Amino acid sequence: MDCKLCGLCIHSEPSCIWGSGNNHADIMIISSYAGDEDEEKGEATMSPTLLKYLDQYGIDSSQVYYTNAIKCRTPRGIKFKVGDIKKCKAYLDQEIEQVSPKFILIIGAQAMKATLDQPLTSTLGTTIEKNHIKYVPTYSPGIIFRDPGKAEFVDQAFRNFANLINGIEVKLPELNIKVLTTKGQIKKALNHIKKKGYKALSYDIESTGLNRFEDKITLLGFGNKQVQYIIPLEVRFSPLRGKLLAQKELVRYAVKGLNKDTETLIAGNGKFDNLFLKEHFKIKPQLDFDIILASHILDENTPNGVKENAVKECNAPNWDVDLKLKQGNVETREDYEKYLTYLGYDIYFEYSLYEIFEERIKGDPSLHKLYYHLYMPGIRAYEDIEERGVYVYPRKFKRARKKLEKALGKVERKLNRYKKGVNWSSPAQVAEFLYEDLKLPIIETTDTGNPSTGESTLLQLRDKHKAVELILEYRGIKIQISHFIDGWINRMHKGRLFPHFKLHGTVTGRTSCTDPNLQQVPRDPTIRGLLGAPEGYTFVEADFSQAELRIATILSGDTTMKRIYQTGGDIHTETYELVTHETISDDPKIRKEQRKKAKAINFGFLYGMGWKKFKDYARDSYGVKLTDREAKEYRINFFKAYHSLPDWHKKQRKVVKALGQVRNPIGRIRRLPDIYSSDEGKVAEAERQSINSPVQGFGSDLTILAMVEVSGHANVYHRKLQLDRSKFYTVGTVHDATLFEVRNDYLIEFISKAKKVMEAPRALSKVFKYEAPIPMIVDFTIGKFWGDGAIELDFEGGKWKRQVEEYLALQN
DNA sequence: AAAAAATGCGCC
DNA sequence: AAAGGGCGCATTTTTT
């Protein structure tokens, strides 16, 4: 056979390597792609590790048919595309049909893509039935050598697979669901809980969708492993359906009771449930333990959802129901029962996971502190943030759109003079124009080998043709309109935007933000200024000054950098002088350019960028043009000036190699199993992450601790500096900045107190026992709008108060 | 027609 | 010796 569909065959001799073993086996195992061994033997060959696992779980390997999803040997470092997998799929399908197995073990993401076309991480170890075949997906057993932490996933999957073959069904636990539809029944339930002495309970809701303003709550449940109480609400067969007043009364009664008598209220993703309950019934449970957050602090690399964790930790079969039922589309009595049962399992496993995770968190004192002084107070603060949303100025909106559309039209007309009929948003058409019509040189290609038209490429072609600049301009404007004008209009509700924050959104500990992402709003005042504070309030941004540079200073302990920060010096000025050996100019215009250069140097070299990349980086991000010699010289001088930085980089690499993980100063863990990979690229990436993650993560931790204390959610706080929560709202965070709406008559007091609190959150010193060796400074910017005509406050000599007073005088 | 991948770019 | 990192969203293009 001689298949040339995907091009991987050039690496493989022979190519198209078929499976081996019993041609009519009940059991089939599909690995991802052929390796050296398969090539040598000319047929798919099980690895010793796989054989060991099969043996361990009592599966007779001679009774197995074994094959690969991709039938050509694929050397390390060669990236195959999804298309390659699918091209090979026809042959795999043929094999499956011939062998006609009852059970298939799927090994690896590519095999998963080819067989079931689902993501691997969220289905690991579960049983999936399709066309009368039972599939179990797993990581490759070989993964345990590179990442021992994944061994339990592999074990779980093999155990499940062996059970399946032996006809042992892993059953879902017995539930004990009690439906509550009257106040009397709820009262009895609460009494029963009290009598039994249940200190912790999980709770959960089901809803018709994810939008709390449009969707309805169908069920509210609470309980543990012994009993699951469910109040049916807006769903067919619920006696309370349509009776909104009765629903409200019952839900409020139940939640009040839970808040009063339960020590620990647990939820899977409590912020979601609480925002729904608050919106619909004006009440919410006091969330004490959140599974998704516990999962994240215990392992930031794996999926954090309740289901994935239950499968992994409790050996639970997946209890998911189809999306229609999950959204409350109940048609029959059976559907209704199934729906209640579904929620019952949620409650059961949320409680089970609480027991497991709580114990595990307790085992690590730092994680324990982080969980109860950062994550949990943090999620409650974000609950408030999301409830409030961000105020939008609809009238400025229309003006901005007009302005941008006019600018876009102008650029487009200019571009059309060079070539008509081009869609300037299309990378393919732009590439054709640049590289075929204009014959510009192809400098970079995309991942798929097409000529790149990305920004960094275009910046290098800027001088070659006038159209290049216009294309960049066109794309910039287009993005502003589509992401931030249209995108926001689609998401607006009652004159506000309601971004969602994920405290578990990144591997480093930063938050992520969606719908819309408040953390990627352009700095251009046309867009940023669409957001602001409503009448009578002022929009306040409080951001840690040079957070990453200061934290790198702390982590590296570099004496020169420390001195600069301790003496209140300006790092960019000093870097400029130390690295270029020129003194900074008095002329503000020249000084501005010099500082720009210094910023490129600081941010570029901080994490060890090479001179070549630095040269591009300085040009692309700061518009600073350098010669090769300058770039090299600056790099050498930079590390001479701040000589501890390379030592710190070295130390991080050493630590991660020894432990497989690094921690930031307050104990947050970044696990980097790839450091043990046989792929050099992955190892290098893990090394870089071991340097960067603690900086990023600590910056985020500081912001959250500061935001939590200002917002009034901290467990410990400066009594004298406590703020009046009725006079301001926290509306968001942007990595090292926090955004507020502050009532005008409270503005001065707010800034004065918030600055002190944020620069030294109480939890940092009292709980984490951490004292920063250099000051962490918080800058304040105030205005009617965000970033449009806003005033940067100058705290030198108390000038800021006069600035605020002058600003306030103009407001009336 | 709908879903997924590829491309590009906004922020810190 | 050489090496920044972390996200989410919209549009076009390809695949099913």
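None of these values were measured; they are calculated from a predicted model. Lettering follows sequence order; numbering is per chain, from 1.
- Using a 30° and 60° split on the angle between ring planes, A/Phe614 and A/Tyr634 fall in the perpendicular class, above 60°.
- Phosphate contact (OP1/OP2 of B/dC9, side-chain N/O of A/Arg523, threshold under 4.0 Å): absent.
- Every residue meeting the side chain to side chain contact (heavy atoms under 4.5 Å, CB included) condition with A/Ser700, not counting sequence neighbours, appears here in chain and number order: A/Arg510, A/Ile704.
- Rounding to whole angstrom units, CD of residue A/Gln110 and P of B/dA5 are separated by 12 Å.
- For the contact set between residues 731-740 of chain A and DNA chain B, defined by any heavy atom under 4.0 Å, the members are A/Val734, A/His735, A/Asp736.
- Between the side chain of A/Gln689 and the base of C/dG5, no donor-acceptor pair under 3.5 Å is found.
- For the residue pair A/Tyr642 and A/Thr575, a side-chain donor N or O sits within less than 3.5 Å of a side-chain acceptor on the partner.
- A/Gln652 and A/Ser690 form no side-chain donor-acceptor contact under 3.5 Å, judged by distance and modelled atom types alone.
- In the set C/dG6, B/dC12, C/dC9, the nucleotide with an atom closest to the side chain of A/Gln520 is C/dC9.
- Side-chain atoms of A/His483 lie closest to C/dC9 of the nucleotides C/dC9, C/dA3, C/dT11.
- Taking 3.5 Å as the limit, the base of B/dC12 and the side chain of A/Arg510 contain a donor-acceptor pair of atoms between them.
- Within the structure, every side-chain polar atom (N or O) of A/Thr446 is placed at least 4.0 Å from both OP1 and OP2 of B/dA6.
- Rounded to whole Å, atom C1' of B/dC12 lies 12 Å from atom CG of A/Leu549.
- Using a 4.0 Å heavy-atom cutoff across all strands shown, A/Val695 reaches no nucleic acid atom at all.
- Residue A/Glu687 is out of contact with every strand shown, counting any heavy-atom pair closer than 4.0 Å.
- Side-chain contact of A/Tyr474 with A/Glu469: a donor-acceptor pair under 3.5 Å is absent, judged by distance alone.
- Across all strands, A/Thr511 comes closer than 4.0 Å to no nucleic acid atom at all (heavy-atom distances).
- Between A/Ile675 atom CD1 and C/dG5 atom P the separation is 13 Å, expressed in whole Å.
- A/Tyr375 and A/His296 form a side-chain donor-acceptor contact under 3.5 Å, judged by distance and modelled atom types alone.
- The distance between atom NZ of A/Lys478 and atom P of B/dG8, rounded to the nearest whole Å, is 16 Å.
- Using cut-offs of 30° and 60° for the angle between ring planes, the A/Tyr393 and A/Tyr391 rings count as perpendicular.
- A/Asp515 comes within 4.0 angstrom of the backbone, heavy atoms only, and of no base.
- The structure places OG1 of A/Thr553 at 7.0 Å from CG of A/Asp558, a figure rounded to the nearest 0.5 Å.
- Here the side chain of A/Ser425 is nearest to one of C/dT11, C/dT13, C/dG6, namely C/dT11.
- When heavy atoms are screened at a 4.0 angstrom cut-off, A/Arg688 is found touching the sugar-phosphate backbone but no base atom.
- Residue A/Gly608 is classed as a base contact, given a heavy-atom separation below 4.0 Å to a base.
- At whole-Å resolution of the value, CD in A/Glu432 and P in C/dT12 are 16 Å apart.
- Applying a 4.0 Å cut-off to non-hydrogen atoms, none of the residues of residues 647-664 of chain A approaches DNA chain B.
- Side-chain contact annotation: A/Arg670 with A/Asn301, donor-acceptor N/O pair under 3.5 Å present.
- Distances were taken from every side-chain heavy atom of A/Thr508 (C-beta onward) to each of C/dG6, C/dT13, B/dG10; the shortest belongs to C/dG6.
- A straight line from CD of A/Glu455 to C1' of B/dC11 spans 13 Å, rounded to a whole angstrom.
- Applying the 4.0 Å criterion to OP1 and OP2 of C/dG6, one finds that A/Ser693 has every side-chain N and O outside that range.
- Not one N or O on the side chain of A/Glu541 forms a donor-acceptor pair closer than 3.5 Å with the backbone of A/Thr781.
- The closest side-chain donor-acceptor pair between A/Ser32 and A/Gln110 falls under 3.5 angstrom.
- When distances run from any side-chain atom of A/Thr514 to the nucleotides C/dT13, C/dG5, C/dG8, the shortest one goes to C/dG8.
- Residue A/Leu606 contributes atom CG, which lies 16 Å from atom P of C/dA3 at whole-angstrom precision.
- Residue-level contact check: A/Arg635 touches the bases, meaning some heavy atom is under 4.0 Å from a base atom.
- Counting only heavy atoms from C-beta on, A/Ser512 has its side chain closest to C/dC7 among C/dT11, C/dC7, C/dG6.
- Atom CG of A/Asn517 and atom P of B/dG10 are 14 Å apart (whole Å).
- Atom CH2 of A/Trp424 is separated from atom OH of A/Tyr418 by 9.5 Å, given to the nearest 0.5 angstrom.
- Nucleic acid contact class of A/Ala547 (heavy atoms, under 4.0 Å, all strands): none.
- Comparing atom distances between the A/Glu685 side chain and each of C/dG6, C/dC9, B/dT7 picks out C/dG6 as nearest.
- Among C/dG5, B/dT7, C/dT12, the nucleotide with an atom closest to any side-chain atom of A/Ser426 is C/dT12.
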